[in-house]
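One structure below.
Only this structure's heavy atoms are used, side chains among them; waters, hydrogens and symmetry mates stay out. Numbers restart at 1 for each chain; the letters A, B, ... are given by sequence-line order, proteins then strands.
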2 protein chains.
Amino acid sequence: MAEESLRQAFVEKQAAVDAQGDVVRRLKEAGALKQEIDAAIEVLDGLKLQKSSIEEQLQAALGSNDGAAGREAFRQAVVNTLERRFFYTASFKIYRGVAGLYDYGPPGCAVKSNVLAFWRQHFVIEENMLEVDCPCVTPEIVLKASGHVDKFTDLMVKDEKTGTCYRADHLLKDFCNDKLQKDLSISAEKAAELKHVLAVLDDLSAEELGSKIKEYGITAPDTKNPLSDPYPFNLMFQTSIGPSGLSPGYMRPETAQGIFVNFKDLYYYNGNKLPFAAAQIGQAFRNEISPRQSLLRVREFTLAEIEHFVDPEHKEHPKYCEVENLEFLMFPREEQMSGQSAKKIRLAVAVSEGIVNNQTLGYFIGRVYLFLTGLGIDKNRLRFRQHLANEMAHYAADCWDAEIECSYGWIECVGIADRSAYDLRAHSDKSGVPLVAHEKFPEPIEVEKLVIAPVKKELGLSFKGNQKMVIEALEAMNEEEAMKMKADLDSKGEVDFYVCTLGENVVIKKNMVSISKEKKKEHQRVFTPSVIEPSFGIGRIVYCLFEHSFYVRSSKVGDEQLNVFRFPPLVAPIKCTVFPLVQNDKYNEKAKEIAKSLTEAAISHKIDITGTSIGKRYARTDELGVPFAITVDSEESVTIRERDSKDQIRVTVEEAASVVKSVIYGQRTWEDVWSRFPHHSSESTE
Amino acid sequence: MAEESLRQAFVEKQAAVDAQGDVVRRLKEAGALKQEIDAAIEVLDGLKLQKSSIEEQLQAALGSNDGAAGREAFRQAVVNTLERRFFYTASFKIYRGVAGLYDYGPPGCAVKSNVLAFWRQHFVIEENMLEVDCPCVTPEIVLKASGHVDKFTDLMVKDEKTGTCYRADHLLKDFCNDKLQKDLSISAEKAAELKHVLAVLDDLSAEELGSKIKEYGITAPDTKNPLSDPYPFNLMFQTSIGPSGLSPGYMRPETAQGIFVNFKDLYYYNGNKLPFAAAQIGQAFRNEISPRQSLLRVREFTLAEIEHFVDPEHKEHPKYCEVENLEFLMFPREEQMSGQSAKKIRLAVAVSEGIVNNQTLGYFIGRVYLFLTGLGIDKNRLRFRQHLANEMAHYAADCWDAEIECSYGWIECVGIADRSAYDLRAHSDKSGVPLVAHEKFPEPIEVEKLVIAPVKKELGLSFKGNQKMVIEALEAMNEEEAMKMKADLDSKGEVDFYVCTLGENVVIKKNMVSISKEKKKEHQRVFTPSVIEPSFGIGRIVYCLFEHSFYVRSSKVGDEQLNVFRFPPLVAPIKCTVFPLVQNDKYNEKAKEIAKSLTEAAISHKIDITGTSIGKRYARTDELGVPFAITVDSEESVTIRERDSKDQIRVTVEEAASVVKSVIYGQRTWEDVWSRFPHHSSESTE
């Protein structure tokens with residue numbers, strides 16, 4: 001609202017400045033008195049002052065550009081460190097790279113595999129999930145059934161002269177944002193219109209996008225050439241399976257389909273019991289039109305997906321009580337619609353008030369929260385945002401994204417969706433193999449079934465050629481309609497009946513249809529399970545973790561700025577470094593002894609026997625996020641330094657590896673260790 | 001030799017039988033005396049008897065068909081168990097599958113990820129390797145440089161009527177094997193010819209393969225239609241990167257290239273020091289013409305590759321002494337050529353005698369041996385086979401395959417190759433980025449360099465248009481040639497010189513070229529490192545592990561055959577099961593308590609509270625290779641059963657998880673535990 005009235009005021013003040021400018025000019029032309037002219041100029045200056053005051057307020061309301069610049073500078077600092085220390089790099093760099101493809105170098109690869117190992121522990125092992133491993137190469141029929149062949153597209157426009165491709169919605173989005181941020185002279189109405197476009201961007205059809213692009217005169221960003229109309233581009237990498245060239249295939253866009261097509265075997269493996277969850281970690285591929293935002297939008301990425309199959313009538317979860325008291329930032333649909341922001345909600349409240357659709361969905365939201373914060377994601381920059389009605393697939397019962405805030409804004413890192421029975425039904429239909437579950441009743445139960453039996457002879461006599469449509473309409477009645485008709489026929493003998501395929505009422509007589517309820521014994525219920533799907537974009541989580549872990553501190557000596565990643569030991573690429581304080585055969589020997597014990601304890605470590613100053617060696621490994629450093633400064637005892645506090649304790653050579661091990665495996669905290677071993681002070685070393 | 005003379009004898013005896021048959025027939029036609037005919041028949045019968053005796057001996061010499069049938073039956077038993085218990089299955093089965101693509105179900109996936117975790121521990125962590133993670137999608141230029149675009153092909157033939165594709169060498173191989181095994185009437189010469197074809201199969205050109213197929217009259221196996229000439233089919237899955245359709249790409253056929261193109265950054269990351277090793281685990285893709293042998297030849301598979309970069313002048317390895325005393329089956333080139341079999345050799349002997357090219361190669365052979373036997377591969381069915389000269393790439397210095405024997409024969413599971421500088425040079429040339437290492441000399445050293453300076457003016461006068469070729473030939477002389485020419489010119493004034501590009505001798509005079517040696521100071525040596533590459537086919541290792549771990553035993557009661565996988569705890573998909581002996585709330589409660597402790601210790605387990613008999617529950621989990629079962633038969637104490645011995649000990653409820661944990665993590669052996677806890681006998685339970 002503030003922004004709107006400020007825009008209004010700005011436009012009005014600009015008009016007033018222009019008008020007063022005209023007054024001054026006309027006075028000058030007419031050769032008016034200097035006194036008169038000066039007075040008019042004074043008014044003009046006053047108006048200009050007021051205008052620039054409004055301009056300042058408006059810029060402040062639009063979100064300080066300083067903030068954006070700060071975020072940009074922070075990102076540059078993180079990315080520089082990440083690339084310099086080879087956490088990641090553009091793939092195939094010596095051949096000038098390929099947009100949207102990245103390599104993880106040694107520390108990045110270690111962080112990623114630590115994240116995956118924790119994921120496996122936290123979800124697969126803890127929950128006894130059924131992990132599977134399916135190929136990336138997928139035949140067309142599977143992705144036809146899932147809808148990807150027809151609908152997994154983005155709208156694309158081409159530079160009409162050079163043929164360069166752009167995502168149509170990106171161009172429109174950039175145009176609107178740019179206009180809103182930089183053009184202060186647009187009217188409040190225009191601003192509102194642009195904001196509306198941004199809000200409905202994901203819902204626009206090719207035609208709507210095209211006409212907006214034309215209306216706003218948007219051209220190719222690089223050349224200013226005109227653009228083609230938008231048309232859909234399928235985002236799957238296509239290939240051909242086998243030598244014949246006759247079997248089209250795709251690189252899977254998600255891992256989930258591999259689980260769905262195996263439902264029958266998985267259900268059998270689980271003793272034909274529900275609920276159970278299957279899980280898969282693997283590569284997925286999306287041939288993005290124009291990849292952006294480094295690791296956040298890439299053409300190949302690692303997904304970790306869970307498909308939890310559940311009886312749609314029993315979405316409670318036995319371990320729900322373990323997470324229900326968690327409280328964290330949630331952003332329900334209603335708060336988004338009414339312009340509020342995310343707020344802390346206790347999970348139990350969200351579930352019991354129906355904000356979150358069911359217990360199982362709630363359970364996974366809680367588990368995802370524990371997973372992400374366990375990795376080191378800042379809980380104040382993590383929120384669970386509910387999908388708006390227009391974002392959700394028509395079949396989905398409810399959907400929440402775990403969004404993490406980083407320098408690019410709030411980024412969807414985990415999607416947690418109740419997809420109902422959609423996927424299993426789609427594959428049942430396409431393959432002809434029923435993907436269903438059974439619930440055996442303890443005893444056969446008697447059910448009443450509605451039986452509608454049209455009497456064809458009578459109907460034929462009355463309706464001739466229309467007979468078939470009348471019969472279909474009768475048979476399509478639900479229980480309520482049928483019982484009402486039965487009652488009416490019993491009481492009145494005939495009844496008016498609307499046949500939608502004929503578009504008119506017909507008269508049904510008592511002898512034309514028999515309606516009754518019959519009792520039947522049923523031994524089991526056959527149904528398609530619902531699936532609740534938490535889907536993790538591992539690369540996105542890793543990137544956000546990099547940003548949340550990064551900070552800069554000054555060195556004690558000199559004014560150098562030192563970079564640190566505060567990775568928890570669980571995630572740290574290297575858990576421990578071993579430094580002989582000075583170059584010396586005896587110290588080197590002790591360092592190697594300690595390194596050997598660390599190897600035996602399966603603790604990844606690095607030994608650095610260069611003569612570099614110990615302060616520099618600490619700084620070097622702080623930049624890799626190594627949580628502990630063992631420095632050999634005597635033959636009997638060594639120091640252990642903790643990265644963030646820079647505190648050091650003294651332990652014997654023999655103890656060193658086991659103390660580090662106990663902290664890394666979470667058997668003790670650093671505070672524990674700190675209170676039990678002598679402290680070592682080393683003002684001079686850093 | 002036995003086979004050869006038996007074939008000869010068989011053919012001769014067959015001829016004798018035929019001739020005597022003619023004799024009998026002619027006697028009958030001529031109305032000879034019954035006595036005379038009977039005598040001739042008696043001779044014939046004698047010859048037939050002799051023939052079938054030779055036939056038997058020949059069949060025995062060809063390798064008993066019983067053996068082949070036994071292997072086939074064993075494989076069927078393993079594969080049935082693997083598929084029934086969902087270790088793996090054909091991918092996309094509900095859509096009738098795709099040849100060469102398999103899904104790992106829960107136990108198979110767990111085995112595979114345990115193998116990979118051990119690989120990471122045994123190689124990456126133990127050796128401080130630099131692990132990287134690069135995309136599967138690869139632009140064409142990278143695979144052009146590596147040679148895959150031009151040479152990664154198999155020769156294919158097509159059924160000329162139906163268009164069905166076959167691998168040309170497979171058809172020829174099948175024909176030869178079939179003929180040798182089943183057609184006893186072929187001559188010894190013919191048999192030798194077919195064996196020769198099998199031996200040189202991999203070296204045959206398209207033309208040679210085609211002419212053999214024609215000569216033998218080989219037709220399409222399914223239809224007996226004629227076949228096309230063989231032509232190369234590239235085995236890479238092709239795709240297109242980005243929306244333009246102008247950037248061809250492939251799914252990588254190996255992970256190694258991702259490491260090579262990052263050499264510069266890796267070398268820098270390692271402090272510009274050699275040697276170091278980089279490693280990568282990931283998917284690789286080969287669009288096989290006709291996949292066979294289930295998990296052994298597939299279209300998508302997991303590779304784990306190591307590229308160990310080393311100074312070509314220093315191929316010693318600091319940790320070589322840790323493996324040099326290992327002794328295992330090796331199959332050097334010479335033993336293969338002279339028809340001997342693999343023999344046990346101590347690694348130190350193989351390296352010092354030059355059978356294995358260098359220490360580093362030897363070190364990795366030893367480490368691979370420890371890795372595979374650590375997983376549970378039978379060391380008597382594991383051999384290291386050296387590549388023959390014709391198998392090896394021209395640039396390779398030496399190459400050994402770790403081959404594991406399974407029901408399909410000896411299968412290459414790990415390749416360990418010294419690829420010299422080939423790969424780095426290829427990418428340096430193509431990209432223009434030098435992928436080299438530097439060795440700084442402690443002090444600058446003086447080197448003598450050969451300088452050949454052709455005198456263009458004089459050469460131009462004498463050779464006119466051929467001048468350029470003469471100059472090139474002069475400059476291309478090596479030191480020895482140049483110094484000889486210098487001596488000859490000094491003594492004789494002129495010399496005959498062969499210019500290969502001209503194909504003739506020319507006369508070089510003293511004034512046409514100046515040859516000298518100059519001294520220069522050099523500060524460092526710049527060189528392309530050699531790379532030693534151990535490359536692991538994880539799926540093949542896993543399949544062989546399944547076969548080596550499988551056995552059948554009889555149940556105590558009844559005659560049932562029970563299947564067991566004797567996986568070591570390291571590899572077992574589930575480490576422990578928890579069974580309440582009878583259905584009972586108190587026992588169930590205790591079982592859940594124990595399960596919780598196992599979860600906390602990160603031990604994958606399964607709790608089975610079905611009322612099934614305990615014997616059946618044991619049998620069920622033996623089939624999954626679960627090494628330990630905890631049975632709750634009281635509220636205070638429980639039993640722990642070891643899978644292979646079926647021995648049981650009794651421990652308290654509180655101890656149960658920690659005892660299992662200590663054995664699983666190798667802190668104690670089962671023998672240890674067996675000697676320290678009371679035994680429990682349970683004749684009746686199994």
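- With a 4.5 angstrom heavy-atom cutoff, B/Thr89 touches chain A only via side-chain atoms.
- Of all heavy-atom pairs spanning B/Met251 and A/Phe285, the tightest one is CE-CE2, 3.8 Å.
- B/Phe237 touches chain A through backbone and side chain together, each having a heavy atom under 4.5 Å away.
- Listed by first then second residue, pairs satisfying salt bridge (charged side-chain N to carboxylate O under 4.0 Å, His left out) with a partner in residues 89-109 of chain A read A/Lys93-B/Asp265, not counting sequence neighbours.
- For chain A, no part of B/Ala110 is nearby; none of its heavy atoms comes within less than 4.5 Å.
- Atom NZ of A/Lys319 has more than 12 heavy atoms from other residues, nucleotides or ligands within 6.0 Å.
- Looking at A/Leu624, the atoms closer than 4.5 Å to chain B (heavy atoms on both sides) all sit in the side chain, from C-beta outward.
- In this structure, A/Cys165 SG and B/Leu246 CG are separated by 8.5 Å, a value rounded to the nearest 0.5 Å.
- The greatest number of non-hydrogen atom pairs below 4.5 Å with chain A, out of B/Lys264, B/Arg120, B/Lys158, is found for B/Arg120.
- In this structure, the portion of B/Ser91 lying under 4.5 Å from any heavy atom of chain A is its side chain and not its backbone.
- The nearest pair of heavy atoms linking B/Ile94 to A/Leu435 is CD1-CD1, 4.2 Å.
- Contacts of B/Glu300 with chain A are made by side-chain atoms alone, with heavy-atom separations under 4.5 Å and no backbone atom involved.
- Cation-pi check for A/Lys430 over B/Phe92 is not met; the charged atom does not lie both under 6.0 angstrom from the ring centroid and within 45 degrees of its normal.
- Contacts between B/Leu266 and chain A at a heavy-atom distance below 4.5 Å involve backbone atoms as well as side-chain atoms.
- Among A/Asp154, A/Val261, A/Ile281, A/Thr302, the residue with the largest count of heavy-atom pairs under 4.5 Å with chain B is A/Val261.
- How far CG of B/Asn287 is from CD1 of A/Ile241: 8.0 Å, rounded to the nearest 0.5 Å.
- Ranking A/Gly242, A/Gly258, A/Gly271 against chain B, the residue ahead of the rest is A/Gly242, based on heavy-atom pairs under 4.5 Å.
- Taking CD from B/Glu126 and CD from A/Glu600, the interatomic distance works out to 8.0 Å, rounded to the nearest 0.5 Å.
- For the set A/Ala145, A/Gly249, A/Ser113, A/Gly432, the entry with the most heavy-atom pairs within less than 4.5 Å of chain B is A/Ser113.
- Of the two parts of A/Val433, only the side chain, counted from C-beta on, holds a non-hydrogen atom closer than 4.5 Å to a non-hydrogen atom of chain B.
- Minimum interatomic distance between B/Pro243 and A/Met156 (heavy atoms only, all atoms of both residues): CB-SD, 3.4 Å.
- Per-residue heavy-atom pair counts under 4.5 Å with chain B were compared for A/Ile289, A/Thr164, A/Leu235, and the maximum is reached by A/Ile289.
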Decide side-chain contact (heavy atoms from CB on, under 4.5 Å) for A/Tyr95 and B/His427; before the verdict, give the C-alpha distance in whole Å, the side-chain angles of both, and the deciding distance to 0.1 Å.
CA-CA 9 Å; A/Tyr95 295 104; B/His427 286 296; 2.8 Å; yes
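- Taking chain A as the reference chain and counting heavy-atom pairs below 4.5 Å, the highest number among B/Lys596, B/Glu288, B/Gln283, B/Arg299 is found for B/Arg299.
- Pairing each heavy atom of B/Tyr269 with each of A/Pro107, the nearest pair is OH-CD, 3.5 Å.
- For the set A/Ser240, A/Gly108, A/Ala99, the count of heavy-atom pairs under 4.5 angstrom toward chain B peaks at A/Ser240.
- With a 4.5 angstrom heavy-atom cutoff, B/Pro291 does not touch chain A via any of its atoms.
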Side-chain polar contacts of residues 132-141 of chain B - donor-acceptor pairs under 3.5 angstrom, sequence neighbours left out - could you list them?
unit_1	atom_1	unit_2	atom_2	d
B/Asp133	OD2	A/Lys112	NZ	2.4
B/Thr138	OG1	B/Cys136	O	3.0
B/Glu140	OE2	B/Tyr250	OH	3.1

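- Atom NE2 in B/His605 sits 5.0 Å away from atom CG in A/Asn128 (nearest 0.5 Å).
- With a 4.5 angstrom heavy-atom cutoff, B/Gln121 touches chain A only via side-chain atoms.
- In this structure, chain A has no heavy atom under 4.5 Å from any part of B/Tyr88.
- Of the possible donor and acceptor atoms, none in the side chain of A/Asn262 sits under 3.5 Å from a partner among the backbone N and O of B/Gly105.
- The local environment of OH in A/Tyr268 is sparse, with at most 12 non-hydrogen atoms from other residues, nucleotides or ligands closer than 6.0 Å.
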